[in-house]
2 protein chains.
Amino acid sequence: MTPETAPATRRRGEVLDEAIRSAVLDLVIDHGVAGVTMEAVASRAGTSKPVLYRRWDSRAALLRDTLVPLAMKAIPSTDTGSYRSDMLAILQGWADFFASPAGAIGPAIVGAMPHDPELAAAFRGGVIAWRKQAMAETLRRGIARGEVREDVPVDVARELGQALLWHRFLITGDPITRELIEEIVDDILVPFTAPRG
Amino acid sequence: MTPETAPATRRRGEVLDEAIRSAVLDLVIDHGVAGVTMEAVASRAGTSKPVLYRRWDSRAALLRDTLVPLAMKAIPSTDTGSYRSDMLAILQGWADFFASPAGAIGPAIVGAMPHDPELAAAFRGGVIAWRKQAMAETLRRGIARGEVREDVPVDVARELGQALLWHRFLITGDPITRELIEEIVDDILVPFTAPRG
DNA sequence: CAAATAGGAAACGCAAGCGTTTCTTGTATG
DNA sequence: CATACAAGAAACGCTTGCGTTTCCTATTTG
C-alpha cells in the first residue's frame, strides 16, 4: 500500500457529473419525479448537497439539465434509403427508448411540464423541435425520391407514427411490438403519404 | 336572525364530497399532483384532515377516487348516424376536455401511474377500457352501415385519432383545432377505415 | 325530544426536506 | 513544493406534511 497506489476518495469533473446524472435517473425509475429531492440525489450519488448547489441553484434546474439530454440522445436520425425504412428505424428507436430504463423520464417529464415552464421550453424547444425537424427532413427525402407526395401535410405526417407509440406508452399501456410498428408504417404512414395515382 | 334561518355551518354528504373533489382539482390545476397533500386538500375544501381520513386511508386513494371519475365523464358516447360524424364528435369531445380545467388531470395521471399501480389499474381498466369499447362500438356501427371495411384493424383504428390529440396535448404542445380534427377524420381515419375497391 | 354521528378546530410528536454554514482535507494547478 | 479549489461530512434552524388524538358541537336520526 504505497502512497502512489492509494485509491482516489473524491471524484471531480465528468466522473462526478455522471454519478449525479445516474442517481437522478435511478430515483426517477424507482420513485418517479417526486423522489428526486436534493437529499436523495446527494445520498444516491454519494456526494453532498453543497456539491449539487454549487452546480444548480434549484431542484428544477437539476431536473431539467438531467432529464432533457437523456431524451435527446434516444432516437436515431438516419437516412436508410427509403421513407419506409426510415420510418421503421425511427419508430423502432422510439420503441426501444420506451422499453429502456431511461423511458421512465417520459411520464416524469409529461407530469412535470405543466408546472415547470422552463422544463417545458427545454423539452419542447429542444428535443421535440429537433425531432420535428428530423421528421420533416425524412419527408423531404421521400418527396425527392418520389415516394412521398409533394402536398403531404407535413404537420400531421411527421407526428402520426410516434403519436401512436406515445399513446400506448403513456395512456393505454398496450404493448408496442415490431408488428405494430410495421402495421403503422405499411398500413397508415405509407398510404397516407404516398403520391396519388 | 331567528334560529330557524341560521345558516348551516357544517356540510355533510354530497355537498362536502363535492367541495373535496373541487379542492383536489383546483390543487392539481394550480400545483400539479405534487400539490395535492392532505393538508392542502383539507385547507382548500374548508374541512379537516380527520374528515379526509374518515373517507380515504391514504392520499393515493383520495387521488384515485377523485381523478379517475373526472376523466370518465369527459367524452360523449354518441351515435350520430355516420362513422365520420361520430368521430368528429368524439375527437371534439377530447379536444374540449383537454381545453377545460379538468384537462389538467391528464398529465397528472400520466405522471403518477408508473408508481401507483392502483391508479394505473383504475384509469386503464376503467376509463381507457370504456373508451376502447365505445370506439369498437363506433367501428361496428360503421361496418354495419357499409362505411367501414369489415377487416378494419380495430386495435389500431380505435386509438388512431385520439393518439394524435393526446400527443399534441401532452408532448408537443401544438394547438388542437377544429381544422386538425377534420383533417384527422377526413384524411386519415376515413381513408384508413373505408371499404376497399 | 334524546342519542348517535360525524364535521371541524386545534394540537401533538415525528419525519423529511430545504438551503445554508462550518470544517477538514483530497486533488489540481502553477 | 505551496496554494487554490472544491468535494464531502456534519450540523443547523426552519418549514411542511404526516397520521393521530382530543374536544366541542352541528346535524341527522329514531
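Keep in mind it's a predicted model, so treat the numbers as computed, not measured. Just so it is clear: chains get the letters A, B, ... in the order the sequence lines come, proteins before strands, and each one is counted from 1.
Checking side-chain atoms of Thr80(A) against main-chain N and O of Asp86(A) turns up a donor-acceptor pair under 3.5 Å. Counting only distance, with no hydrogens or angles, the side chain of Thr138(A) and the backbone of Ala134(A) share a donor-acceptor pair below 3.5 Å. Although no hydrogens or angles enter the test, the distance criterion places a donor-acceptor pair under 3.5 Å between the side chain of Arg168(A) and the main chain of Pro175(A). Counting only distance, with no hydrogens or angles, the side chain of Thr66(B) and the backbone of Leu62(B) share a donor-acceptor pair below 3.5 Å. For the pair Arg11(A) (side chain) and Ala19(A) (backbone), a donor-acceptor distance under 3.5 Å is absent.
Interatomic distance, CD1 of Ile20(A) versus CG of Leu25(A), reported as 14.0 Å (0.5 Å rounding).
Listed pair Thr9(B) / dT25(D) fails the phosphate criterion, with no side-chain N or O lying under 4.0 Å from OP1 or OP2. Between Arg10(B) and dC24(D) there is no side-chain N or O to OP1 or OP2 distance below 4.0 Å.
Sorted by first and then second residue, the pairs that involve residues 180-189 of chain A and meet side chain to side chain donor-acceptor pair (under 3.5 Å), not counting sequence neighbours, are Arg84(A)-Asp186(A), Arg178(A)-Glu182(A). A side chain to side chain donor-acceptor pair (under 3.5 Å) check over residues 99-127 of chain B, counting only residues at least two apart or in different chains, returns nothing.
Of the residues in residues 34-51 of chain A, those with a non-hydrogen atom less than 4.0 angstrom from any atom of DNA chain D are Thr47(A), Ser48(A), Pro50(A), Val51(A). Across residues 14-23 of chain B, not one residue has a non-hydrogen atom less than 4.0 Å from an atom of DNA chain D.
Judged by atom type and distance alone, Arg12(B) does not reach the base of dT28(D) through any side-chain donor-acceptor pair under 3.5 Å.
Residues Arg54(B) and Arg55(A) both approach DNA chain D. Their nearest nucleotides, taken by heavy-atom distance, put Arg55(A) toward the 5′ side.
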Every protein N/O within reach of nucleotides 1-4 of chain C N/O, cut-off under 3.5 Å:
none

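Relative ring orientation between Phe98(A) and Phe169(A) is described as parallel, the plane-to-plane angle staying below 30° on a 0-90° scale split at 30° and 60°.
Salt bridge present: Asp30(B) and Arg44(B) bring a charged side-chain N and a carboxylate O closer than 4.0 Å.
Across the protein-nucleic acid pair, Leu52(B) atom CG and dA9(C) atom C1' stand 14 Å apart, rounded to whole Å.
With sequence neighbours excluded, the residues that form a side-chain contact (heavy atoms from CB on, under 4.5 Å) with Leu139(B) are Tyr83(B), Val148(B), Val154(B), Ala157(B), Arg158(B), Thr193(B).
Contacts of Arg11(A) with the nucleic acid, taken as non-hydrogen atoms under 4.0 Å apart, involve only primed sugar atoms and P, OP1 or OP2.
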